[in-house]
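For reference, the structure discussed in these notes is given below.
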Amino acid sequence: MSDPDESTDGPASAREVLTDREYLAVFAASALSWFGDSAARAAVIALVYLRTESPIASAAAFAISYLPWLGIGAVLSAITERHSYRKIMILSDLIRMGIMVALAVFGGLPVAGLIGLLFVSALLSPPFDSARSALLPGSCRASGMSPP
């Protein structure tokens with residue numbers, strides 16, 4: 001029977017995970033990115049609805065924001081494997097931020113342009129999430145914890 005005090009191979013507690021600075025940085029970046037994506041998606045969908053007064057057009061904008069996950073997202077995630085995970089995360093978020101700033105500045109774009117920019121922004125979610133998923137086990141191993 002093993003010693004119960006010897007829990008080096010067991011799962012890490014929430015306190016151990018949240019005290020790891022590297023994990024906390026990745027977690028914070030991921031949460032901020034998720035919040036920004038959701039807020040931007042909601043803003044564009046609301047803008048499409050205000051412009052067209054069509055629930056179908058706003059539903060199409062919502063659906064298009066998830067379309068990259070059905071095909072091209074897998075290809076982009078595979079490309080992520082060839083580059084630095086942190087650079088991929090930072091670059092994809094900076095590009096998405098630039099797209100959303102462009103939408104805010106040039107809000108008078110036609111509805112097709114708004115939906116197109118939303119699609120391009122959504123294309124960068126799969127590489128970000130792939131890089132984050134690949135980076136998390138490494139940060140856990142570096143701190144001596146087993147991955148969650």
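Only this structure's heavy atoms are used, side chains among them; waters, hydrogens and symmetry mates stay out. Quick caveat, the model's predicted, so the values are computed rather than measured.
- The shortest heavy-atom contact between Ser77 and Pro127 is OG-N, 4.1 Å.
- By the neighbour-count criterion of 12 heavy atoms within 6.0 Å, atom CZ of Phe27 is sparsely surrounded, having that number or fewer from other residues, nucleotides or ligands.
- Tracing side-chain contacts under 4.5 Å through hydrophobic residues (I, L, V, M, F, W, Y), one never reaches Val111 starting from Ile56; they form parts of separate clusters.
- Using modelled atom types and a 3.5 Å distance limit, the side chains of Arg96 and Ser33 yield a donor-acceptor pair.
- At least one donor-acceptor pair closer than 3.5 Å links the side chain of Ser92 to the backbone N or O of Met89.
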Kindly list each side-chain donor-acceptor pair under 3.5 angstrom involving residues 39-50, sequence neighbours excluded, with atom names and distances?
{"residue": "Arg41", "atom": "NE", "partner": "Ser65", "partner atom": "OG", "Å": "3.0"}
{"residue": "Arg41", "atom": "NH1", "partner": "Tyr66", "partner atom": "OH", "Å": "3.2"}

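- Atom CD1 of Ile72 has 12 or fewer neighbouring heavy atoms from other residues, nucleotides or ligands inside a 6.0 Å radius.
- Across all non-hydrogen atoms, the minimal contact from Pro126 to Trp69 is CA-CH2, 3.5 Å.
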### Message
Go through it in stages, so that I can follow the logic: the residues are Ile88 and Phe128, the test is side chain to side chain contact (heavy atoms under 4.5 Å, CB included), and I'd like the CA-CA distance, side-chain angles, deciding distance and then a yes or no.
### Response
CA-CA 6 Å; Ile88 291 292; Phe128 180 91; 5.8 Å; no

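- Met97 and Leu123 fall within a single hydrophobic cluster, where Ile, Leu, Val, Met, Phe, Trp and Tyr side chains are chained together by heavy-atom contacts under 4.5 Å.
- Asp37 places a side-chain heavy atom less than 4.5 Å from the side chain of Ser125.
- Here the shortest heavy-atom pairing between Ala29 and Asp93 reads O-OD2, 4.4 Å.
- In the hydrophobic clustering of this structure, Ile115 groups with Leu103; members are Ile, Leu, Val, Met, Phe, Trp, Tyr whose side-chain heavy atoms approach within less than 4.5 Å, directly or through other members.
- Going from atom CG of Leu91 over to atom NE2 of His83 covers 10.0 Å, rounded to the nearest 0.5 Å.
- Between the side chain of Ser38 and the main chain of Phe35, no donor-acceptor pair closer than 3.5 Å is present.
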### Task
Go through the steps to decide whether Thr52 and Ser58 satisfy the test side chain to side chain contact (heavy atoms under 4.5 Å, CB included), and finish with yes or no.
CA-CA 8 Å; Thr52 63; Ser58 59; 5.9 Å; no

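- Note: the hydrophobic cluster containing Leu118 also contains Val101 (ILVMFWY, side chain heavy atoms under 4.5 Å, direct or indirect links).
- Transitive grouping of hydrophobic side chains (ILVMFWY, heavy atoms separated by less than 4.5 Å) brings Leu94 and Leu76 into a common cluster.
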